[in-house]
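Read the numbers this way: they start at 1 and go in the same order the structure lists the ligands and their atoms.
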Amino acid sequence: MIRRKAIVSLLALVFLLPAAGCARRAAIYQNATIDALLDGNYDGETSVARLKRRGDFGIGTFQKLDGEMVALDGRYYQMKSDGHVVEIADEVKTPFAAVTFFSPQYKMELPSPAGYAELQKRLDAARISQGRALAIRVHGEFAQVKVRSVPAQSPPYRRLVDVVKEQSVFEYKFVTGTLVGFWFPESMRHNNVPGYHFHFITDDKAAGGHVLDLALTRGEAQLLEIRAVEIELENTPPIIRTTGDSSELNKVEK
Ligand SMILES: [Zn+2]
């Protein structure tokens, strides 16, 4: 039964022709590792201007862990812990972000309701390679989206797992918007979040955050298979205390 479902989903994939002159190998640029962020390194040297040179789509956070980042269609937004969303200035810096130039390779209709787990299952069925990352954009109508954002921190910084205990959680009902995110293989766990990681922003750019749960009514997923990941190591501290225990990452992201 599961296998049949997977086949049906694959048949629902529509492969898209690359845009003329778009021979670029799809790559993610990251300015740090997720382990460094988990460890409490919230001061980065990378500006939004620099990120814009490396991608028009992606997610991350801001200096001092001041809210959630979403980049969509080349515009970068900050979703603050008080629920406000602002377009962020180029000079603002970030300790952790992952971006790419999003030119979808294939798309999949999502015509029927799906909770977060069901949506992930449908995206799983569409994944062609288990070893490559995916950039994923889902636009649709949502009966509910539960998101969080985190408040700006001051040094000495606590570990991320302790900071998220004070996260603000917002629940939006009957909104239209976009999930922006990635899927990373388990093998990249120390570099980025394994599995699915989405940030959400409404079409009117009034609300959003890091996705904790959702109920999709209908929508469309666009997917881009990632062939390379460039990780900046300049801002990585000399010692990372994170031991590779995945429980902290699960508490932070889920
Ligand atoms: Zn996030």
Counting no waters, what protein N/O/S atoms lie under 2.8 Å from the Zn ion (ligand 1)? H197 NE2, H199 NE2, H210 ND1

Salt bridge or not between D162 and K165? Use side-chain N to carboxylate O under 4.0 Å. yes

Between Q30 and N192, do the side chains contain an N or O donor and an N or O acceptor separated by less than 3.5 Å? yes

Please list all pairs passing the salt bridge (Lys or Arg N to Asp or Glu O under 4.0 Å) test where one or both residues lie in residues 176-186, with sequence neighbours left out. E186-R189

Who passes salt bridge (charged side-chain N to carboxylate O under 4.0 Å, His left out) against D203, sequence neighbours left out? none

Side-chain heavy atoms nearer than 4.5 Å, only ILVMFWY residues, links allowed to pass through others: does that put L37 and Y157 together? yes

Residues that F198 engages under ring-ring contact (aromatic ring centres under 6.0 Å, His included), provided they are two or more places apart: none

